[in-house]
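First listed ligand is number 1; within each ligand, the first listed atom is number 1. We number each residue from 1, following the sequence as shown.
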Amino acid sequence: MAEILVLVEHVDGEVKKVTLELLTLARSLGSPSAVWAGPGYSEAAKARLAEYGADKIYVAGAQDIADHVVAPKAELLARLVSSASPAAVLVAATAEGKEVAGRLAIKTDSGVLTDAVGLSDGLVAEQSIFGGGVNVKSKVVKGTPIVAVRPNSTAPEASAGAAAEEQVEVELSDAAKAARVVERVAQDKGARPELTEAAIVVSGGRGVGSAENFAIIEKLADALGAAVGASRAATDAGWYPHQFQVGQTGKTVSPQLYIAAGISGAIQHRAGMQTAKTIVAINKDPEAPIFELADFGIVGDLHQIVPNLTEEVQKRK
Ligand code: FAD
C-alpha cells in the first residue's frame with residue numbers, strides 16, 4: 001500500500017486531535033506513517049498514533065528540531081520524502097503546518113494544496129475557497145503531493161495500525177538554523193478548552209460593543225464549559241485577542257454547539273463555523289444573514305439575552 005506521511009502536531013508530548021483526523025484520512029488513501037518532530041515522544045504518544053492507524057512512526061526527537069522554529073520540520077520531511085518516496089504528505093492547515101507545507105514544496109519541487117477540507121481516492125483534494133462560498137477539487141500534478149488539511153474537516157476514527165518505529169537522525173543545515181526560539185511563554189488559557197477542539201464555542205461580534213462587554217460572553221462560555229471565539233470585527237477592534245478569531249482568516253471550528261452573539265454572519269465568518277452541528281444565533285436584527293444558517297435564532301439584545309441564558313444554564317447545573 002502507498003505510504004502517506006502525516007506530520008504529527010503535538011503539545012507537551014500530547015498528540016493533537018487534528019493529527020488523529022489526518023491519520024483517519026490517510027488510512028483511506030494508503031498506509032499512514034506518522035512523523036514525530038522534536039522531543040516529547042513517549043509510549044503514550046506511540047499508543048495514541050497506533051490507535052488511529054499509524055502503521056509506522058518516524059521519530060526525530062532531537063531538541064534541535066524544536067529549537068529552530070519551522071524550517072527543521074520541512075527539512076526532516078524533505079529527507080523522508082527522498083528516502084521513503086511516499087505517495088503524499090499530509091500536514092494540518094494550521095499556521096505552522098502551512099508554513100511547513102510551503103517550505104517542503106520548494107525543497108521537493110512539488111505541488112502543494114492548502115486548506116483542503118477533504119481528500120479522496122487519486123489524491124483529489126477538495127478546497128473551500130472564497131470564504132467557504134465555493135468548493136473546488138484540485139490535484140497535485142508535480143512531485144509528491146503535499147496537502148494541508150483544515151482541522152475539524154474529518155471525524156477521527158480509531159482503527160489500529162502496526163506502529164513500527166524508526167528513529168531518524170537529521171543533520172540540520174545552517175539555513176534551517178537561521179531562526180532560533182529564544183523563549184517560550186505558556187499562554188494563560190484559563191480553564192477553557194482549546195478553540196479548535198472545543199465541543200461548544202460561544203462567539204461574540206461587533207454587537208458585543210466593547211472589550212469589557214466580552215465578560216458576558218466569557219461567563220456564558222464558562223457556564224457551558226465552552227471555548228470563546230470572536231468575529232474579525234471584534235478582534236480588529238481590539239476587544240478580544242486575534243488568536244480567538246473564527247473565520248476565513250481565523251480559526252476553523254466544528255463544535256457540537258456554536259453560539260454566535262452579535263455576529264451578522266458574513267461569508268468570511270461562516271467559513272470558519274458553518275460545519276458546527278447546531279448553530280444558535282442571538283441578534284437584534286431579524287434580517288441578519290446568520291439566521292439563514294442558524295438552527296435556533298433568538299431575536300433581541302444580547303446584553304439581556306446572554307446574561308439570562310448564563311443564569312439559566314447555571315441553575316440547571
Ligand atoms: P457586523 O457585521 O457589524 O455585525 C454585527 C451584528 O451584531 C449585526 O448583525 C447587528 O445586528 C448585531 N448587533 C448589534 N448590537 C447588538 C445587540 N445589542 N444585540 C444583538 N445583536 C446585536 N470576519 C470574521 O469574522 N472572521 C474572519 O476570519 C474574517 N476574515 C475576513 C477576510 C477577508 C479577506 C475579509 C474581506 C473580511 C473578513 N472578515 C472576517 C470580516 C467579515 O467580512 C465581516 O466584516 C465580519 O465578520 C463582521 O463581524 P460582525 O458580524 O461581528 O460585525
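Nearest protein heavy-atom contact of atom 3 (O) of ligand 1 is Arg206 NE, 2.6 Å. For atom 17 (C) of ligand 1, the nearest non-hydrogen atom of the protein is Asp301 OD1, 3.7 Å. For atom 4 (O) of ligand 1, the nearest protein heavy atom (residue, atom name, distance) is Ser264 CB, 3.3 Å. With respect to atom 13 (N) of ligand 1, the closest heavy atom belonging to the protein is Gly207 CA, 3.6 Å. With hydrogens left out, the protein atom closest to atom 29 (C) of ligand 1 is Thr249 OG1, 3.4 Å, a heavy atom. Ranking protein heavy atoms by distance to atom 50 (P) of ligand 1, first place goes to Ser231 OG, 3.5 Å. For atom 36 (C) of ligand 1, the nearest protein heavy atom (residue, atom name, distance) is Gln268 NE2, 3.9 Å. For atom 12 (C) of ligand 1, the closest non-hydrogen atom of the protein is Asn283 OD1, 3.4 Å.
Contact annotation: Ala271 has no heavy atom less than 4.0 Å from any atom of ligand 1.
Using a distance-only test at 3.5 Å, with no hydrogens or angles considered, a donor-acceptor pair links the side chain of Thr24 to the main chain of Glu157. Looking only at distances, a side-chain donor or acceptor of Thr108 sits under 3.5 Å from a matching main-chain atom of Leu104. Checking side-chain atoms of Lys219 against main-chain N and O of Pro307 turns up no donor-acceptor pair under 3.5 Å.
Residue Gln248 has at least one heavy-atom neighbour below 4.0 Å for each of these atoms of ligand 1: 27 (C), 28 (O). For ligand 1, the atoms closer than 4.0 angstrom to any heavy atom of Gly250 are 28 (O). The ligand atoms of ligand 1 that sit less than 4.0 angstrom from a heavy atom of Gly247 are 26 (N), 27 (C), 28 (O). For ligand 1, the atoms closer than 4.0 angstrom to any heavy atom of His303 are 18 (N). Close approach to Gly300 involves these atoms of ligand 1, each under 4.0 Å from a residue heavy atom: 19 (N), 20 (C). In summary, the atoms of ligand 1 found under 4.0 Å from a heavy atom of Ala233, numbered by their order in the structure, are 48 (C), 49 (O), 50 (P), 52 (O), 53 (O).
Salt bridge annotation for Lys177-Asp67: absent, with no cationic side-chain nitrogen under 4.0 angstrom from a carboxylate oxygen. Salt bridge Glu292/Arg270: present, at least one basic N to carboxylate O contact under 4.0 Å. Salt-bridge annotation for Glu194 and Lys17: absent, with no side-chain N of the basic residue lying under 4.0 Å from a carboxylate O of the acidic one. With salt bridges taken as basic N to acidic carboxylate O contacts below 4.0 Å, none links Asp301 and Lys284.
Note: no N/O pair closer than 3.5 Å links Gly205 and ligand 1 by distance alone. Considering both main-chain and side-chain atoms, Leu302 comes within under 3.5 Å of ligand 1 through a nitrogen or oxygen pair.
Counting only non-hydrogen atoms, the option in His242, Gln245, Lys284, His269 that gets closest to atom 27 (C) of ligand 1 is Gln245.
At a heavy-atom cutoff of 4.0 Å, ligand 1 is contacted by the backbone of Val246 but not by its side chain. Residue-level proximity to ligand 1 for Ala266 is carried by the side chain, the only part with a heavy atom below 4.0 angstrom.
Sparse packing is recorded around CD of Glu287, with 12 or fewer heavy atoms of other residues, nucleotides or ligands lying under 6.0 Å away.
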Show, in sequence, the C-alpha distance, side-chain angles and deciding distance for Arg103 and Glu75, and conclude whether the salt bridge (Lys or Arg N to Asp or Glu O under 4.0 Å) test is met.
CA-CA 8 Å; Arg103 285 174 181 267; Glu75 222 155 76; over 6 Å; no

Kindly indicate, with the supporting measurements, whether the criterion side-chain hydrogen bond (donor to acceptor under 3.5 Å, both in side chains) is fulfilled by Thr252 and Asn152.
CA-CA 7 Å; Thr252 305; Asn152 296 317; over 6 Å; no

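For the pair Val149/Leu25, a side-chain contact is recorded, criterion being any heavy-atom separation below 4.5 Å from C-beta on.
Across all their heavy atoms, Asp115 and Ala93 have their closest contact at OD1-CB, 3.9 Å.
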